[in-house]
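One structure below.
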Amino acid sequence: MNHSLLKALAFAMIAGTGVTPTGAKNLTYDIYDWTLTVDNASGAIDLMLGDEPVIEHSQAQWSVGGDTLTFADCTGHSVRLADREGLFGKQKTVTIAARKDGGSVSQTINFYPGKAFVTTELTVVSPEEISTRYMAPVAVTESYRLFDRTGNYSVFVPYDNDAWVRYRNTPFGGQMPVSYEVGALVNADTRSALVIGSLEHDTWKTGIQVATDSGCTVDTLVAFGGVATSLTRDIIAHGAVKGKSVKSPLIFVGRYADWRDGMEAFADACAAVAPKIASRGARPFGWNSWGKLQTKINYDNASEVSQFISEHLQNASFADAEGGVCVGLDAFWDFGFKPEQHKQFVEECRRRGQKAGIYYCPFTDWGKNPDATISEMPEYKFKDAYLYGDGKILEFDGAYALDPTHPAVKARIKRQLEEIKDWGYEYVKIDFMAHGAYESDKHFDPAVTTGVQAYSEGMRYIDSIADGKLWINLSIAPLFPANYAHSRRIGCDAWADINNTEYTLNGLTYGWWLDHVYHFNDADHMVLEGVSDGENRARVTSSAITGVYLLGDDMSASGDEGVKKRIVRNLTNPEINRIARECKSFRPVELGTGERAADIFCHPAEGGMYVALFNFGDKAETKRLPLRRLGLSEGIDYAATELWSSDRATFRGDLIVEIPAKDVKVFKISF
């Protein structure tokens, strides 16, 4: 087929005829800046953005009755191009359709003007109910060259933040783990990237499976709904999605000159599909009891911490943009507080210009007594509300998992959250959320067949009871869905030393973009006790450049006086606190190595740029960064101020900084 005939065909499709010439095999469409080629016989697609390859020979897959099928197993293929209105305004949609077993299969590929991504999904329709555990709108199984130079990596994104799981990158040619919900293939030098992930998080857990050679070639790239592994904390297969019409997750496929732009575009698209929960105000500053007091938390020491913050920190720049601080109780508050003390504590905090916070686990049973009666609905025992896999109670982190769809579980949630609101708490940290998303043998609600469906139902219920009156901060939780909480912890528990700072920054290196789907990320409590001053500065900085800004040490009357002096010294730096108050999460400048965090992060500043440089090592280190990697000219002198020391510097060509062992330097570069 010559080029003019292809153009004529494309014009006919745009006009809506949908006619495919007899014998036509490869159909090519030029849509905005994209080129799509469809194999009319097999449904395989090639996709390019300008001159950049995106995917080649991707042949959508799905399973029914244990068989994995593609369009090659179907008949009556057709392809149509049409104009539509969609999530991002005007779009053009190519639909590949075919017939199978009295039903139909269709894949849509949606193009948006000015966007560097497309979206695609797969739908199977049958006259009888079908059941599937696997749908892959993108399934590349033939090798193609993605990049034009070596130095390429695959970015792994974990499903949740439990058990200190880390983000990581794997060089091309290495064994690449399945990434969860989103993944990226990145050239470290140019930052060019392919970003691919799911925009829907209400039915499927989505996996991104990649295999490559050691150079520039992708051998396998599959984005599929239906992943269930030990890293999703599952012991059985993904639940079956059932119906006369079943649909895959909506998959985002983008090609970007800078992978960081791509990850943020992915997050923004997720937020367009499932908009953020309504804001509850400024980025929180405060304290959380799990840092040091832990099981010893009680009314007296919590009140003393509130008083210390009020007297020594709150009027010395440690306060949110509205002048407030959140004083938060973590686990074991129910042992340390009498019921009547809650309102008293809340009122004390309010008199000091503070908000009171508390802690709750809605989807776990820590008592692990199956025959115990659920007091909110005595007709049920706990064993009636557990999740089971292959007949066994599902357990992780020492707690049994509860079914979010069970009425007794909902009754417990309603009673506890209404009590929390009645006491006057305004902030609640909710923890061990992934328990509610485990794949299980069944759920109380028979319409719910997957872990994500159950989790989403539970989160919708929590949102309805919170009724806009509580700041919801997720602790251990899946990355998605993200539209039921204001913030989410970017890692698991993090403590004082430099290794914990590096662990926190691992989450920031590859997950900073999550504050596009949540209002803020959360770097966990900052503990200062027991380590060097440099490690204190690094830990405080890691929190300031990440999100929610919480202290964790014991500042009660019995707390260590030396630690209190450290806190006052390190948490009243007005410039560092300004970052914590005004900035979103910093971006990494470069990829980390393997599971290690990046060590340089940046963010725009009024009249310039912030750059934070960390030394995770035991010896002093000189960092050298070409200014072009920050988007700055190498032929201009830039004045800079180091914000911990107030030292001044001038940089030209390269940013060259000596950093002591286990320490940090934070510059504001002016331009």
Side-chain angles (χ1 to χ4, degrees), residues 55 58-64 66-70 120-122 124 131-141 154-163 165-168 170 175-185 194-211 218 220-242 246-253 266 270 387 389-390 394 396 401 433-441 443 448-456 476-482 510-511:
I55 53 176
S58 172
Q59 194 169 24
Q61 302 174 347
W62 65 97
S63 68
V64 177
D67 296 325
T68 299
L69 306 172
T70 71
T120 182
E121 62 187 354
L122 181 67
V124 179
S131 173
T132 181
R133 300 179 190 271
Y134 173 80
M135 298 188 80
V138 175
V140 173
T141 56
S154 175
V155 172
F156 162 80
V157 176
Y159 171 75
D160 65 16
N161 55 339
D162 206 352
V165 64
R166 283 176 171 255
Y167 296 78
R168 70 174 74 98
T170 304
Q175 185 68 37
M176 296 176 176
V178 174
S179 191
Y180 298 93
E181 305 304 335
V182 63
L185 303 178
L194 186 155
V195 176
I196 183 166
S198 173
L199 298 182
E200 295 175 331
H201 308 99
D202 54 5
T203 300
W204 295 95
K205 293 172 184 169
T206 299
I208 313 298
Q209 180 66 66
V210 180
V218 174
T220 301
L221 175 61
V222 183
F224 65 100
V227 67
T229 70
S230 61
L231 287 182
T232 62
R233 318 303 168 189
D234 289 311
I235 66 169
I236 62 174
H238 192 285
V241 178
K242 301 177 181 180
V246 294
K247 189 184 82 65
S248 74
L250 180 67
I251 300 297
F252 170 108
V253 183
F266 165 76
C270 287
L387 294 175
D390 289 335
L394 294 176
F396 197 72
M433 303 305 289
H435 282 67
Y438 297 161
E439 303 301 327
S440 64
D441 296 337
H443 291 87
V448 170
T449 58
T450 75
V452 174
Q453 287 175 335
Y455 182 75
S456 296
I476 290 174
L479 272 70
F480 295 102
Y510 300 107

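Note that the structure is a prediction, hence the values are computed from the model and not measured.
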Give the intermediate values and the outcome of side chain to side chain contact (heavy atoms under 4.5 Å, CB included) for residues Val218 and Ile55.
CA-CA 9 Å; Val218 174; Ile55 53 176; over 6 Å; no
Using a 4.5 Å cut-off on heavy atoms from C-beta on, say whether the side chain of Tyr167 contacts that of Val155.
no
Please check: side-chain N/O of Arg168 versus main-chain N/O of Pro177, any donor-acceptor pairing under 3.5 Å?
no
I need the Phe480 CZ to Glu181 CD distance, nearest 0.5 Å.
7.0 Å
Close side-chain approach of Thr206 and Ile208, heavy atoms under 4.5 Å:
yes
Donor-acceptor contact present, side-chain Glu200 to main-chain Leu250, <3.5 Å:
yes
Can you find a heavy atom in the side chain of Leu69 that is under 4.5 Å from one in the side chain of Val124?
no
Considering only heavy atoms from C-beta outward, does the side chain of Leu387 approach that of His443 to under 4.5 Å?
yes
Residues in ring pair (Phe, Tyr, Trp, His ring centres under 6.0 Å) contact with Tyr438, at least two apart in sequence or another chain:
His435
Once you measure the plane-to-plane angle for Tyr180 and Phe156, does it fall in the parallel (<30°), tilted (30-60°) or perpendicular (>60°) bin?
perpendicular
Which atom names give the shortest non-hydrogen contact between Pro137 and Pro249, and what distance separates them?
CG-O, 3.8 Å
For the student: nearest non-hydrogen atoms of Ser63 and Thr132, plus distance:
O-OG1, 2.6 Å
Using modelled atom types only, decide if a donor and an acceptor are shared between the side chain of Asp160 and the backbone of Thr232 within a distance under 3.5 Å.
no
Where do Ala477 and Tyr455 come nearest, in terms of heavy atoms and distance?
CB-OH, 4.3 Å
Check: Val452 and Thr203 side chains under 4.5 Å, non-hydrogen atoms
no
Indicate yes or no: at least one non-hydrogen side-chain atom of Val178 is less than 4.5 angstrom from one of Thr229.
no
Quick one: does any side-chain atom of Lys205 pair with a main-chain N or O of Tyr159 as donor and acceptor, under 3.5 Å?
no
Determine the minimum heavy-atom distance between Gln61 and Leu122, stating which atoms define it.
O-CD2, 3.4 Å
Would you confirm whether Ser198, through its side chain, and Ile251, through its main-chain N or O, come within 3.5 Å as a donor-acceptor pair?
no
Side chains of Cys270 and His201 in contact at under 4.5 Å (non-hydrogen atoms):
yes
Considering non-hydrogen atoms only, spot the tightest contact between Glu439 and Thr449 and give its length.
OE1-O, 4.5 Å
Between the main-chain N or O of Lys247 and the side-chain N or O of Trp204, is there a donor-acceptor pair closer than 3.5 Å?
yes
Begin from the C-alpha positions of Phe396 and Ile476 and carry the test side chain to side chain contact (heavy atoms under 4.5 Å, CB included) through to its verdict.
CA-CA 12 Å; Phe396 197 72; Ile476 290 174; over 6 Å; no
Closest heavy-atom pair and its distance - Asp390, Asp441:
N-OD1, 2.8 Å
Evaluate Tyr510 against Val157 for side chain to side chain contact (heavy atoms under 4.5 Å, CB included), listing each step before the verdict.
CA-CA 7 Å; Tyr510 300 107; Val157 176; 5.6 Å; no
